[in-house]
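Heads up, the thing below is written out as structure tokens.
Side chains are part of it too, since the values below use all heavy atoms of this structure and drop only hydrogens, waters and symmetry mates.
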Number of protein chains: 2
Amino acid sequence: MARKPENNNRLDDAARAGWLYYVAGRTQDEIASIMGISRQSAQRLVSLAMAERLVKVRLDHPIAACLEAAARLKDRYQLKYADVVPSDPGSASTTVGIAEAGAAEIERWLKTAEPVVLAVGTGRTLKATIDQLPPMDCPQHRIVSLTGNIRLDGSAAYYNVIFSMADVINARHFPMPLPVLVSSPEEREVLHKQSLVKMALELGARADAVFVGVGELGAEAPLCEDGFLAREEMAGLMAAGAVGEICGWMFDHDGALLTGSINERVASIPLPPRDRASVIGIAKGRRKHEALRAALRGGIINGLITDESTAEYLLKA
Amino acid sequence: MARKPENNNRLDDAARAGWLYYVAGRTQDEIASIMGISRQSAQRLVSLAMAERLVKVRLDHPIAACLEAAARLKDRYQLKYADVVPSDPGSASTTVGIAEAGAAEIERWLKTAEPVVLAVGTGRTLKATIDQLPPMDCPQHRIVSLTGNIRLDGSAAYYNVIFSMADVINARHFPMPLPVLVSSPEEREVLHKQSLVKMALELGARADAVFVGVGELGAEAPLCEDGFLAREEMAGLMAAGAVGEICGWMFDHDGALLTGSINERVASIPLPPRDRASVIGIAKGRRKHEALRAALRGGIINGLITDESTAEYLLKA
DNA sequence: ACCAAAATTTTACCGTTTGATAAAAAAATA
DNA sequence: TATTTTTTTATCAAACGGTAAAATTTTGGT
């Protein structure tokens, strides 16, 4: 009868115990008495069944795939935070879904009692995110804009992230009264010494959480469309290897910031140190794929809110 | 702020909580803080996910004793398929365990690429089995109900196997819009000529796999309890030697269909030829013992899903 | 648009179940 | 027999499931 079934028997018992526990719903005490062993042995068998993956838990709901993708993204790119929302294949929107999810995450930060510093970038996605925020009263927190939204011609882009945000959450807010780009490194230096700007710079460096959009480059890039960047410059940047930008900071395929070139004229506040702060990118869609992957690779962002199909791309790469 | 499609969100949240709990292994406290709700709400969501069968736990490990019993059953009764699940001595449930196993076998059939015709009976066990099926998209298959679930008084029994099944697996389905029993052989003949019924009859005859419960007879038989059969008739049947029924077809101790008597008024679709199709009975428990043995002896079923202690009975006989 | 009723959520509490640890006992191995 | 490994026993803090009252939100009627 019993030849050498040691290992086999053990897994058999584990399977039996796991079955009684997970399928039949008995307590470990009951299993112990049914199988004639001590409760601790029963417990060991049950957890062995789990460890050996004898019991398989399946969750039949679209949301499950999203959660799993988020967990894998976290692991793959060493993220502090990841959230994946279901894709809507039919929709062309670049914000539906992630805007709500982004707002929820911002809300979680704002709900904390101890004061935090939140920083935001700009762009359509971020504007849509802010628009999903419920009114809140957060006098203990401060919010700062990492980047301006002044165009080359001096006018302001229509979306107004920091002020919209301040409108609904009633916290002290620090705008960035500068263009995204200035004409020279020297001009940047001068502007950054203005007292108002200095306060924002200082605050930005201490931000606990940062929420940014991720810009792709190309002829139809929002950066051009919105008049932040001349098309000739765009071509030069792409030739230099740039694939995306965050708050105006250009980076290449590996997520390394471009040295020289335009980055010396970016007036935005630098992203705070990634080891301390959460820098959460909010983006989805085919056109953002490469830029997102580069930003994740290079650790420019350590948090991500995206949708399923974008997550799929980022995972298979 | 427009931000909630409530109805949808409820199950979403349940799925999310269930995933975090069962897959990610978080505690309910953690889930509560992640989702921004109280622990009790988290607990409710987790158990809702269970109740709504969003999470399905399955144990695929073959337990040696069960495997051996299955092999012996196959041999002893010339079965095409046999599956034995562990017994839970204390439990009074007649479905726990075999329902999951039955669902797994149905799933295997549904996963085949070439189109198959699946037929199902009715009853509590089968309903519990169907409830364990994961959502699937199977436009290539067809499913047909071998029997109606209309009572003597014209009302429908609460369990609704074919429609529940169609709900989750999205295949063309063919219900049997008749009672289990009609008043006379002649009426049956008339009814069976209705075009709708004829299609079901035709399909049933071509079924590749059939899943049925096995009904025992007696004063407390489900057939009586559910109002399909008057108690006086039951007594007569038993006197005539009937020990069990499948889809309403009465059989005796040797598994031979009773001639005459009530069987001439059974409106169910006849079971397809056993040499071609798999007719799999799903049943366990003391009260089903005799009916099961008779059905196996007579070859009414050529497949079986049961539990260890029932298997033991069937093997020692 | 308002108020009242109903339903849901939160808060608080309690007994049971669970996972983990450490020492004693038993079994297996050399 | 001595040594190693496993199982049992005992104990404890954390986690869980249930209940009940208070607070909140939703619903329905006016």
Indicate yes or no: does Glu312(B) engage Lys316(B) in a salt bridge with an N to O separation below 4.0 Å. no
Test: Glu107(B) and Arg58(A) ion pair at under 4.0 Å: yes
Using a strict heavy-atom distance below 4.0 Å, which residues from residues 36-45 of chain A are in contact with DNA chain C? Arg39(A), Gln40(A), Gln43(A)
Once side-chain contact (heavy atoms from CB on, under 4.5 Å) is applied, do any residues pair with [X], and if so which ones, sequence neighbours excluded?
{"X": "Ala277(A)", "answer": "Pro272(A)"}
{"X": "Thr310(A)", "answer": "Lys284(A), His289(A), Leu292(A), Thr306(A), Asp307(A), Leu314(A)"}
{"X": "Ser164(B)", "answer": "Lys127(B), Ile130(B), Asn160(B)"}

Measure the shortest side-chain to side-chain distance between Tyr22(B) and Val46(B) over non-hydrogen atoms and say whether it is less than 4.5 angstrom. yes
Please find the earliest and latest nucleotides of DNA chain C, in the 5' to 3' direction, that have an atom within less than 4.0 Å of any heavy atom of chain A. dT18(C) to dA20(C)
Just jot down the side-chain hydrogen bond (donor to acceptor under 3.5 Å, both in side chains) partners of Ser278(A), sequence neighbours excluded, or say none. none
